[in-house]
Amino acid sequence: MRIQGLATVLIAAATLLLADARADVVIANPTVELNADQVRDLYLGEMQFAGKLKLVPLDNRERLHDFLERVLQSDERKYTARWTRKTFREGIAAPAVKDSDAEVAAFVRRTPGAVGYVREATPGVKVLQKY
Amino acid sequence: MHSTPRFTRSVGRSAVGAAVLLLCSAAWADEQADRIKALEQQLQTSLQLIEKLSARVSELERANKGTAPAAPSAVAAGAEQARSAARAPESADHAAAAMHMREHQSGTPVHGFADVGAVWSSGDDPDRRNGFTVGTLDLYLTPQFGDRVKALMEIAFEFEESGTGAADMERMQLGYTVNDALTVWLGRFHTPFGLWNTLFHHGANLQTSIFRPRFVAFEDQGGVLPVHAVGAWATGKVRLGEQRITYDAYVANGSAIRERRLDPNSFTDNDGNKMLGFNLGYQPSGRIEGLTVGVHGFASKVKAYTPSGAMLSSTRLRAAGAYFSYETDDWESIGEYYRFGNSDEATGVRHDSSLWFAQVGRNVGSLTPFVRFERASLDAADNYFRTQRNGRSYRRTAIGASYALDPMSSIKFELSSTRESPVLLIDEIGALVPFAGGSYRRAALQYSIAF
């Protein structure tokens, strides 16, 4: 019985490890401090500033689908439609789109207020959230 | 110590479990290996394409050296597009294509909407149309000048009833954002009452229906509300825990009525009376996330003039009301209510009127069928309404559907039935004009895009 329980725990741990290995991260320039709700607000166009700092959200084409599904509970169609409305009504620009993790990380590292999402964090950026 | 049969069974089950896990892991590893192999092949193909294009660019550069400076950049842009296309997964859908467009924007992008279609209406329709129509080409710019200074400029091109083309400066607003709670705009803007006017306005592809509710139509298309304003507008949103409060407060030139239309006095105000307005919204979260409810109101003094400039009437306008919208994955709905308590400046008599609409749509994949009800119950003696061409009581029911071809384009159809009450209106020169009332039907098709 004890061994059966141990096996179950090991399987669960293995599953968790695999799941964690699949997790992407939201990264930011070290000047940025945001919680998960604020990250969501930022990508929904409901937040542009953190204190006096102008935030600069970036989309990552490689990871857009998973980000929208896991963080915004949305999809490309709704996300595009939402930003079209936002831009038309409020005059705010949709997040710029980068092609790869390397491009996102490099932009985030050198731009105050920048926020992006990548497979794994690199030196010089802050991890805000795993998803 | 001996193993019991139960212990043996447990070990056996655990071993089977571990074996399943290992098999799954192996299968997963195989799947990953296949995926990597496919990606390597795709990368190899892309590299070959880039090499071919680079060679072609060099060849063209040699051929056109010193004669056509624009050609290499055009070819380079083509090569860049080809590289991007090579990067895009074969399964990329239209939404990804829209994102792809956004990736390559630089400078100040030009956004816009356009629509074409056809309308048929029965003989009693005062704005009878039968045949194909060109809708509006709406272009807007949102240049960013830094962290806080911004601008929104919009021009609409359309054909008027007379068939002549016209270009209207829809919006020309310059803003300064202090923080998320306060942006101040100056210039000409869409008056922020209700939701429809600022959410959709000329963005045909943004709205599910083809036509706006009639009383929220543009001033030059028979709308009876001041949907444009020239002045100052403060707007913002404040997060209160999980909820959000939005607000708008504005002061603008008071409208006038000329040629039976509302004129927002964009060049300058005709008198010292200003329009004051507010809009206060509430957006909860949790189980009812997607709901917006709010209250709004505006007040002004509106004078009607003859073409020679003589004043026909002066009305103190007071309007207040409420609105809601609710959007989920499956449903979308929007409704607005306006209550007018206008006073005639000459007689002091008060006239009460009300207008409302409610629209509900159901999202079934890319298809959204909808139904909308509109009512306008206007006091027939209110000079604010009866000096306007469409200042008549009516009720309308519309049904239709919108099919999204992709996030940036859709095909729609709409059927509506309208019943109007008889009323005595006042024409441009101040003469009473009887309107007999009646009922009519209208059918319309529209193909709309956003870009």
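The sequence lines fix the lettering, A, B, ..., with proteins before strands; numbering per chain opens at 1. Basis for what follows: all heavy atoms, side chains included, without hydrogens, waters or symmetry-related copies.
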Which value, rounded to the nearest 0.5 Å, describes the distance between B/N179 atom CG and A/L53 atom CG?
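Rounded to the nearest 0.5 Å, the CG-CG separation comes to 13.0 Å.
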Check your understanding: Most heavy-atom pairs under 4.5 angstrom with chain B, which of A/E46, A/M47, A/K78, A/Q48?
Key ->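 Top option by heavy-atom pairs under 4.5 Å: A/E46.
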Exercise for the section: Name the option with the most non-hydrogen atom pairs under 4.5 Å to chain B; the candidates are A/K86, A/Q73, A/H65, A/E90. Expected result: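 With the most close heavy-atom pairs to chain B, the winner is A/E90.
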For the student: nearest non-hydrogen atoms of B/K237 and A/G45, plus distance =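 B/K237 and A/G45 have their closest heavy atoms at NZ-O, 4.0 Å.
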Interchain contact, [X] with chain A, by part (heavy-atom threshold 4.5 Å):
X      : value
B/D138 : side chain
B/F189 : neither
B/Q207 : neither
B/Q173 : neither

task = Name the orientation class of the two ring planes belonging to A/F88 and B/H190 (parallel below 30°, tilted from 30 to 60°, perpendicular beyond 60°).
result =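 Plane angle between 30° and 60°, so tilted.
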Toward chain B, the part of [X] with a non-hydrogen atom under 4.5 Å:
X     : answer
A/D75 : neither
A/E62 : neither
A/I92 : both

Against chain A, work out which of [options] has the most heavy-atom pairs shorter than 4.5 Å and name it.
options                        : value
B/L141, B/T183, B/L199, B/T235 : B/L199
B/R244, B/Q144, B/M153, B/H201 : B/R244
B/E242, B/R171, B/H202         : B/R171
B/T246, B/V178, B/T177         : B/T177
B/T198, B/L206, B/L152         : B/T198

Do A/T84 and B/H111 touch side chain to side chain, with heavy atoms closer than 4.5 Å?
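Side chain of A/T84 against side chain of B/H111, heavy atoms only: no contact under 4.5 Å found.
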Residue pair A/K52 / B/R148, side-chain heavy-atom distance below 4.5 Å
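Side chain of A/K52 against side chain of B/R148, heavy atoms only: contact under 4.5 Å found.
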Does B/Y326, at its OH atom, have more than 12 non-hydrogen atoms belonging to other residues, nucleotides or ligands within less than 6.0 Å?
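Count over threshold, so yes.
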Salt bridge (Lys or Arg N to Asp or Glu O under 4.0 Å) contacts in which one or both residues fall within residues 281-291 of chain B, not counting sequence neighbours: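 Residue pairs passing salt bridge (Lys or Arg N to Asp or Glu O under 4.0 Å), neighbours aside: A/R40-B/E289.
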